[in-house]
Amino acid sequence: MRDVVIAGIGQTPVAEHWEISLRELAFQAMEAALDDAAGLRPSALYVGNMLSASLSHQAHLGTLLADFAGFTSIEAAAIEAAGASGAMALRIGAMAVASGQVDAVMVLGVEKLSDQVTGEVEAALAMGTDTDYEAEQGMTGTAQAAMLAQRYLHEFEVPEHALGGFPLTAHANGANNPNAMFQRAVKPEAYAKAGMVSAPLNMFDIAPNADGAAAVLLTRPDLLPPKFAHPLVEITGSSAVTDTLALHDRPDPLAFNAARLSIERACADAGIMPGDADFFELFDAFSIYTALSMEAAGFAERGKGWELAQNGFIQLDGEMPIATLGGLKARGFPGGAAGVYQTVEAALQLRGQAGKGQIAGAKTALVQSLGGPASTAVTHVLTRLDEKS
Amino acid sequence: MDIPRHWRLKKQRYALMGEVCGHCDAKLFPPRDICPECGEEAKTLFQFSGRGEVYSHTTVYDPPQGYESQAPYTLAMVKLEEGPLVTAQLTDLGEQEAEIGMPVEMVTRLLRSATDERGLLVYGYKFRPAVAG
Amino acid sequence: MTESNQIHDHEHETARLLKPQNPVGIVGYGAYVPRYRLPAKEVSRVWTNGTGGLPILEKSVPGSDEDVATMSIEAARNALGRAQIAPTEIRAVWVGSESHPYAVKPTSTIVAEAIGAVPSTQAADWEFACKAGTEAMVAAMGVVGSGMMGYAMAIGMDTAQGRPGDALEYTAGAGGAAFIIGPADKALAEIESTYSFVTDTPDFWRRAYQKYPEHGHRFTGEPAYFKHITSAGEAMFEATGTKAEDYKFAVFHQPNTKFPQRAGAMLGFTPEQIETGLLVPRIGNTYSGAAIIGLTAILDIAEPGDRIMLVSFGSGAGSDAMVLRVTDNIKGKPQLATKTEDYIARRTEIDYAEYVRMRGKLTMK
């Protein structure tokens, strides 16, 4: 990726925003990003969203949100790739800027999951699976992850509660994030006692559904004044990869191949190795996803990802910190907005603005979002601009 | 009610009718137009035996809309003896626990119980522990 | 003698056998019994403080994802497995039941589609209370015996209804059987002849839009069940010149344990002759499936040359009697699909609360 920087970031707290509508939530995040970008105005808006058509009965989101934000006459469209919608919108936005077609792009992720009750949300989320051959059987995203976990525990003889280290780390880190849904650490005993949701996954293995909006304003560095209000973060690598939509269509469901390929391609684009990154914002919608994503990124061998939850590797002071501001697990899972939240959080780290969760001297971040069980994988490499050689 | 969508899938749903690739003989379920094994066109119908074993499973306690009356229900990925993995509910478990490796056989059952008394009844494949005999 | 007297006298006429032009028989058969069992003492525990006699030991209960279509599909697949013919050779799929899933829309097309008999096939649903299955078998004998069709499939299957607390709730079970009728030279049992005995006798009915049937209590016995079963059986003896001892097995419609035992005794059969086909104590009354699933249990153990008498009964009312002779083709056939006793042995006991949930008797609105 060439010459695309994040000039502004914004986010709303992740929560059940009963009193705030989808358009208001979206505007809060965009307004914050505009403020952060010191008045830069976008000429295009790309919206990452997964379910507004089914849960809020609202399609045509790009135009609605451009209209509501007062971005009269700009280009706007929504982009959908299930849980990777926000990350895919970021990639499309970055490509638009890099191509020279557009000078400044507002990339917005927004999701309003609280507009419907639980069963309707589960059914809507299940639309991201193969409707005819998965959802029709009563399959949900959670059940898919649970079957992966069941097989993983069986095949690699993983000790009981071994995956628990991932959510415990996320919750510990979420305590440092004022926008996180859960800002309290969780004790291992609480994990061990938690109620089963879809065996073997318990409540703590599953990121909570919630509402949220996050935005980043992208532009080319040469369009910005030389002395800017804050450090700039450059998008140095980007890749999106698909796998089979249905989990059952893969020769080896425990291999997140799209996640692996997108890491390899994004890192090649940026000219780094995955291990060169200072931290990894991965897609911990389920604790098993964390294990499989760490394996796919090459941080553990096949079947050994769970060990990283035990040995400190992933903690803030470890070799490869993950979910540094709580991840999906503690910050919350706002559907198609998740990828933009991950990007905003990575930018905070790279700008040195992550507060108590700051990773000292962080210069390079790996950010990965998944749609379904890595049916889509989108990876970005973010680099602090003044550190770029 | 999605009448056309259910109707056009009846062969697959009722009887596990898949495809066999005319080029590399791979057995495909669900049917798809391009063979994932060799990349050639696959169009010949193939009747699966319905026998297989559980590759993985889970029990769903928080069902999506439309499945409330069935919860808790057990979902599985079943490795068919002809090769493919298929996602389906396990039924007739009785007091048996689902287990990885458990031999199962296909049965045609109601996929959606009629919570809406006026609606279409949707039938399709599920799997149950193989019956002795 | 007036004309009306002549019509009234039909019950005393000599039986007129129904025999097809060409000999026919059962080429394949298959049973189905769901996995779950509700002990009669559970019904008694809830409704009579556990007092009173029990008409059976326990009844079969379908899972919440089962109905007459799914159960018929399984029995039909078993029948195909034993017949070892291509499903497209079946030119009629007929399903007899009093619990068809739809009020309007054939069960038979679902079954025909699932077994691969479509599209060049006859399909229809039959209803005659508990004898809809044998009715379909008699029709199949006709179309095959006339040479119109090579093979026809007849199914009797029910998920029987009984109002909570009613006497029928103890016995109303689920199950049935499928038969492929074909030419006698390919049959594992030839159906030598059949005879039907029918009158208008209102012993049991279910009006339109009603969930549960009504019945005449003790009126269902003498003037209904016993009158029709024994009349059909005796007429069959007379017309074929046979006696009870000429048969290895006999099987009757079985609404409870005592009725078929008594009907058998009235016709001169010994307990040993009816034991194999008397499944009602362990699976309940499977209505359209009741007599014919008993026949499948008999065929599972029958030897070449064995003669079998079957008499069904359907309320409203009528009986179909059939005389069968097992052929050499029976050898090796039972093993080709799940045997009836194996289904019965596949058993998970449930309590009344689970039964209420599985049968959809919990009100959700």
Side-chain angles (χ1 to χ4, degrees), chain A residues 54-55 116-155 195-203 205-206 208-209 243-254 286 288 373, chain B residues 2 5-6 8-9 12-13 16 18 26 28-32 36-37 52 54-80 83-91 97-101 109 111-113 115 122-127:
Chain A
S54 49
L55 294 183
Q116 301 289 338
V117 296
T118 312
E120 289 164 334
V121 175
E122 282 299 319
L125 287 167
M127 295 192 313
T129 70
D130 183 331
T131 291
D132 285 346
Y133 293 100
E134 289 184 311
E136 195 58 42
Q137 293 284 341
M139 178 75 123
T140 64
T142 304
Q144 243 176 2
M147 285 201 274
L148 283 173
Q150 190 83 266
R151 185 72 196 185
Y152 187 84
L153 300 181
H154 169 84
E155 214 163 286
M196 212 49 94
V197 174
S198 197
L201 300 187
N202 73 35
M203 187 181 78
D205 289 308
I206 301 166
N209 295 336
D243 199 336
T244 64
L245 177 62
L247 193 54
H248 57 228
D249 281 337
R250 298 182 196 166
D252 178 8
L254 292 179
F286 305 98
I288 181 66
Chain B
D2 295 344
R5 185 168 70 83
H6 294 306
R8 80 171 70 90
L9 290 171
Q12 293 93 308
R13 289 262 179 81
L16 276 185
L28 309 177
F29 193 91
R32 48 205 301 160
E37 301 292 327
V54 172
Y55 170 84
S56 193
H57 60 88
T58 186
T59 300
V60 175
Y61 295 95
D62 290 337
Q65 186 179 33
Y67 295 81
E68 296 89 343
S69 65
Q70 302 180 38
Y73 55 87
T74 300
L75 270 169
M77 292 167 79
V78 172
K79 179 86 174 157
L80 299 175
L85 271 178
V86 56
T87 299
Q89 283 191 28
L90 296 185
T91 188
E97 295 270 336
E99 279 179 62
I100 289 174
R109 293 292 171 93
L111 292 184
R112 302 262 199 141
S113 50
T115 42
V122 180
Y123 297 95
Y125 51 82
K126 293 188 180 183
F127 288 79

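The sequence lines fix the lettering, A, B, ..., with proteins before strands; numbering per chain opens at 1.
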Identify which of K79(B), R13(B), R32(B) forms the greatest number of heavy-atom pairs closer than 4.5 Å to chain A.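 Ranked by contacts with chain A, first place is R13(B).
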Among the options L28(B), T58(B), T74(B), T59(B), pick out the one with the most heavy-atom pairs lying under 4.5 Å from chain A.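 That would be T58(B).
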Which residues pass the side-chain contact (heavy atoms from CB on, under 4.5 Å) test with P30(B), not counting sequence neighbours?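 Listed in chain order: Y133(A), H248(A), D249(A).
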Which residue out of [options] racks up the most heavy-atom pairs below 4.5 Å with chain B?
options                            : result
M196(A), E136(A), E155(A)          : E136(A)
G138(A), A246(A), A146(A)          : G138(A)
A124(A), A143(A), A149(A)          : A143(A)
E122(A), Q150(A), M139(A), M147(A) : M147(A)

By a 4.5 Å heavy-atom criterion (distance strictly below it), what part of [X] contacts chain A: side chain, backbone, both, or neither?
X      : result
L9(B)  : side chain
P63(B) : backbone
V86(B) : backbone
Y61(B) : both

Would you give the length of the straight line joining atom [atom1] of [X] to atom [atom2] of [Y], rounded to the nearest 0.5 angstrom?
X       : Y       : atom1 : atom2 : answer
Y55(B)  : H154(A) : OH    : NE2   : 9.5 Å
Q89(B)  : Q137(A) : CD    : CD    : 6.0 Å
E68(B)  : T118(A) : CD    : OG1   : 10.5 Å
I206(A) : D62(B)  : CD1   : CG    : 8.0 Å

Counting only heavy atoms closer than 4.5 Å, note whether [X] contacts chain B via side chain, backbone, both or neither.
X       : value
A135(A) : backbone
A126(A) : neither
L247(A) : both
P251(A) : neither

What's the shortest heavy-atom distance between M77(B) and P253(A), and which atoms?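 Nearest pair, atom of M77(B) first, then P253(A): CE-CG, 4.0 Å.
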Does anything in residues 140-149 of chain A pair up under side-chain hydrogen bond (donor to acceptor under 3.5 Å, both in side chains), and if so which pairs, sequence neighbours excluded?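 Of all non-adjacent pairs touching residues 140-149 of chain A, those that pass side-chain hydrogen bond (donor to acceptor under 3.5 Å, both in side chains) are E134(A)-Q144(A).
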